[in-house]
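Worksheet: the structure to be examined is printed underneath.
The analysis underlying the following values was restricted to heavy atoms, covering all of them including side chains, and did not include hydrogens, waters or symmetry mates. Since the model is a prediction, treat every value here as computed from it, not as a measurement. Below, read A as the first sequence line, B as the second, and so on, with proteins coming before strands; counting in each chain starts at 1.
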Amino acid sequence: MLKVAIFLLSLTPAGWLAWLTLNDQLGANPVEMLTHQSGLWALRLLLITLAITPLCTLSGWHAPRRLRRMLGLYAFFYALLHLLIYLILDRGLYFADIWEDIIERPYITVGFATFLLLLPLAITSNNYMMKRMGRAWKTLHQLVYLCGLGGVLHYMWLVKADLLNPGGYLFIFLLLMLLRFKPFTTLIRRR
Amino acid sequence: MLIKNSPDIKPSEITNESHYLNRRSLLQSAGFMAGGLLLPSFFGHQKAEASVTLESYPNLKASHFSTDEKITTYDNATSYCNFYEFGTGKSDPSQYASKVKPKKWAVTVAGACDKPGQYTLEDILKPHALEERIYRLRCVETWSMVVPWVGFPLVDLLKRFQPNSRAKYVRFETLHDPDLMPGQNRNTLDWPYVEGLHIDEATNPLALVTIGMYGKELPMQNGAPIRLVIPWKYGFKSIKSIVKIEFVEKQPKTSWNLSAPREYGFYANVNPTVSHPRWSQSKERRLGAWGKQKTLPFNGYADQVAHLYKGMDLKKYF
């Protein structure tokens with residue numbers, strides 16, 4: 001029940017963007033709107049995924065752990081959407097421009113690298129691969145922390161002058177990392 | 001292309017001055033803005049609602065500088081703005097400024113000239129015949145628009161103040177009033193906003209003092225009541241809501257240049273061959289469009305302005 005609700009909820013941003021597109025409601029710069037929103041939702045879902053473990057540890061309520069894989073895959077889904085919108089709609093699949101972006105603009109270098117890191121995580125997010133890879137699976141999936149950092153940096157380096165919003169995401173990311181350290185969580189739980 | 005102005009306006013239809021600045025509602029919306037910053041900004045763009053009445057300008061002179069390219073819709077040109085004084089989001093200015101109409105306005109003229117002083121907006125505008133100029137405007141962020149501006153040549157205004165031989169540059173300043181402009185409560189830029197031009201640029205016939213667009217007064221989010229439009233330069237050079245004009249001897253320190261000197265030069269001429277560290281400048285997207293088009297040197301105004309920069313290394317003086 002919880003899983004179905006979260007599944008549908010995670011799909012609503014995509015549905016909303018599709019609705020805005022079909023009804024010509026994306027505003028003055030439709031491609032920018034789609035790029036920004038898909039990217040923001042990828043980052044939000046990635047951070048929500050990273051919030052599950054500390055949430056369960058602190059609350060003692062462990063049901064949400066089952067949602068981690070689905071939320072992580074949704075983060076990948078929005079990241080893929082974000083990449084495709086950039087490649088097709090923004091750059092018109094003009095590969096010389098895309099290559100120049102990847103080499104010359106740090107925020108795109110980081111964004112692209114983050115997507116490449118997410119890719120193996122998404123591919124191995126199933127029971128079959130988990131069994132097959134054994135211990136290596138866990139090691140591989142620790143890359144998700146690097147993806148979180150990459151996503152936040154991608155956002156920070158894109159912004160011109162106002163770092164308040166990306167700074168908020170950086171703060172949440174760092175907090176979620178901090179909440180993984182045992183001495184810290186036991187301290188909170190004892191209170 | 002013909003611009004249709006609304007049919008002749010009778011004096012009785014011209015708005016009275018009842019819809020003026022309401023500070024309280026503005027401050028409330030500033031509070032909303034601060035609270036909403038981290039919330040998902042997901043609900044599309046907010047349309048600029050005409051909550052203040054903007055006076056129309058009938059009988060505008062046409063200009064041979066006008067382009068016949070497709071004009072950006074009024075909605076797009078007034079709802080998607082960079083005006084950090086009202087917030088850094090593209091829809092912040094239309095959301096927080098569209099209810100504002102400045103009541104009294106004065107411009108201080110200072111520096112190397114024979115007629116310095118405080119001029120009311122009426123003083124400034126009185127001797128000038130208004131014309132309509134349809135210009136391309138190219139933002140450094142790679143979007144662009146085509147707007148029918150209402151105004152008169154900057155050179156005609158500057159001449160009246162009789163600049164002397166020490167006037168090598170002109171420095172412009174935007175209003176600094178955090179009560180009116182909630183974005184100024186945060187130090188996103190070093191307020192007040194400052195822009196500048198070399199005197200030869202400022203006296204080029206393309207440089208336009210602008211008080212209206214689409215046949216009407218400027219809405220606040222587009223820089224009411226008086227701004228510049230410098231069509232061969234990136235948009236941030238076209239300073240809005242001007243309160244000070246100063247003739248100076250040295251190149252003035254300008255806001256974006258101070259904020260990130262590697263990214264924004266003093267000249268900021270539109271140049272497809274000089275990339276911004278975060279954007280290639282070779283292409284641009286018109287507001288409302290999905291596809292991109294090639295960006296032209298000096299935004300297509302090379303014939304009028306390229307001679308100003310003869311012999312200059314435009315990669316160095318970007």
Side-chain angles (χ1 to χ4, degrees), chain A residues 12-17 19-21 23-38 40-41 43-45 85 88-92 94 96-109 111 154 156-172, chain B residues 33-34 36-48 72-82 84 87-92 94 139-145 183 186-190 236 255-256 259-260 263-264 275-280 282-283 285-292:
Chain A
T12 40
W16 183 241
L17 285 178
W19 187 88
L20 289 177
T21 307
N23 290 283
D24 201 15
Q25 291 289 309
L26 288 166
N29 198 339
V31 177
E32 182 191 71
M33 175 80 172
L34 288 173
T35 312
H36 285 177
Q37 291 302 328
S38 56
L40 271 175
W41 281 102
L43 185 57
R44 284 172 189 151
L45 281 154
I85 289 166
I88 300 169
L89 293 179
D90 193 41
R91 295 289 151 188
Y94 195 73
D97 284 5
I98 295 166
W99 187 241
E100 186 195 306
D101 267 358
I102 293 175
I103 336 186
E104 284 187 15
R105 318 204 200 287
Y107 82 96
I108 294 189
T109 316
H154 175 57
M156 290 202 88
W157 291 346
L158 151 77
V159 168
K160 283 207 310 191
D162 185 2
L163 287 172
L164 185 66
N165 277 333
Y169 284 91
L170 179 66
F171 176 78
I172 291 168
Chain B
M33 182 176 67
L37 276 168
L38 284 173
L39 292 174
S41 50
F42 189 60
F43 296 96
H45 75 300
Q46 254 102 19
K47 277 190 184 154
T72 303
T73 63
Y74 183 81
D75 251 13
N76 283 344
T78 57
S79 68
Y80 185 90
C81 311
N82 275 329
Y84 280 20
T88 56
K90 289 286 182 294
S91 58
D92 288 341
S94 60
C139 178
V140 72
E141 298 165 346
T142 77
W143 54 271
S144 63
M145 55 185 179
R186 297 180 47 227
N187 295 322
T188 43
L189 289 171
D190 196 6
F236 66 89
S255 292
W256 277 107
S259 160
E263 300 179 35
Y264 311 97
S275 287
H276 181 277
R278 270 174 278 196
W279 305 285
S280 158
S282 63
K283 293 176 186 171
R285 181 178 279 119
R286 287 278 152 85
L287 291 188
W290 288 78
K292 284 191 168 180

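- Both the backbone and the side chain of A:Asp90 come within contact range of chain B, each with at least one heavy atom under 4.5 Å from a heavy atom of that chain.
- The contact between B:Trp143 and chain A is made entirely by side chain atoms (from C-beta outward), counting heavy-atom distances below 4.5 Å.
- Between A:Lys160 atom NZ and B:His276 atom NE2 the span is 7.0 Å, to the nearest 0.5 Å.
- The pair A:Glu32-B:Arg285 does not meet the salt-bridge criterion, since no charged nitrogen lies less than 4.0 angstrom from a carboxylate oxygen.
- The two residues B:Thr188 and A:Ala161 come nearest to each other via the heavy atoms O-CB, 3.8 Å.
- Rounding to the nearest 0.5 Å gives a distance of 12.0 Å between CD1 of A:Ile98 and OG of B:Ser280.
- For a residue to count as touching a neighbouring chain, one of its non-hydrogen atoms must lie under 4.5 Å from one of that chain's; by this rule A:Tyr94 touches chain B with the side chain only.
- Nearest heavy atoms, B:Arg278 versus A:Leu158: NH1-O, 3.5 Å.
- For B:Ser275, the part sitting under 4.5 Å from any heavy atom of chain A is the side chain, from C-beta outward, and nothing else.
- Across B:Lys283, B:Arg286, B:Lys90, the residue that shares the most heavy-atom pairs under 4.5 angstrom with chain A is B:Lys283.
- For A:Ile172, no part lies under 4.5 angstrom from a heavy atom of chain B.
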Exercise for review: Applying side-chain contact (heavy atoms from CB on, under 4.5 Å), run through B:Lys292 and A:Val31 and close with a yes or a no.
Suggested key: CA-CA 10 Å; B:Lys292 284 191 168 180; A:Val31 177; over 6 Å; no

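- Between the CG atom of A:Asn29 and the OH atom of B:Tyr80 there is a distance of 3.5 Å, given to the nearest 0.5 Å.
- Summarising the local packing, CH2 of B:Trp290 is surrounded by more than 12 heavy atoms from other residues, nucleotides or ligands at distances under 6.0 Å.
- Contacts of B:Ala77 with chain A are absent, with no heavy-atom separation under 4.5 Å from either backbone or side chain.
- Residue B:Trp279 touches chain A through both its backbone and its side chain, counting heavy-atom pairs closer than 4.5 Å.
- Within the 4.5 angstrom heavy-atom criterion, no atom of A:Ile108 approaches chain B.
- Separation of atoms CG (B:Asn187) and CG (A:Asp162) is listed at 11.0 Å; rounding is to 0.5 Å.
- At a 4.5 Å heavy-atom cutoff, B:Glu263 makes no contact with chain A through either its backbone or its side chain.
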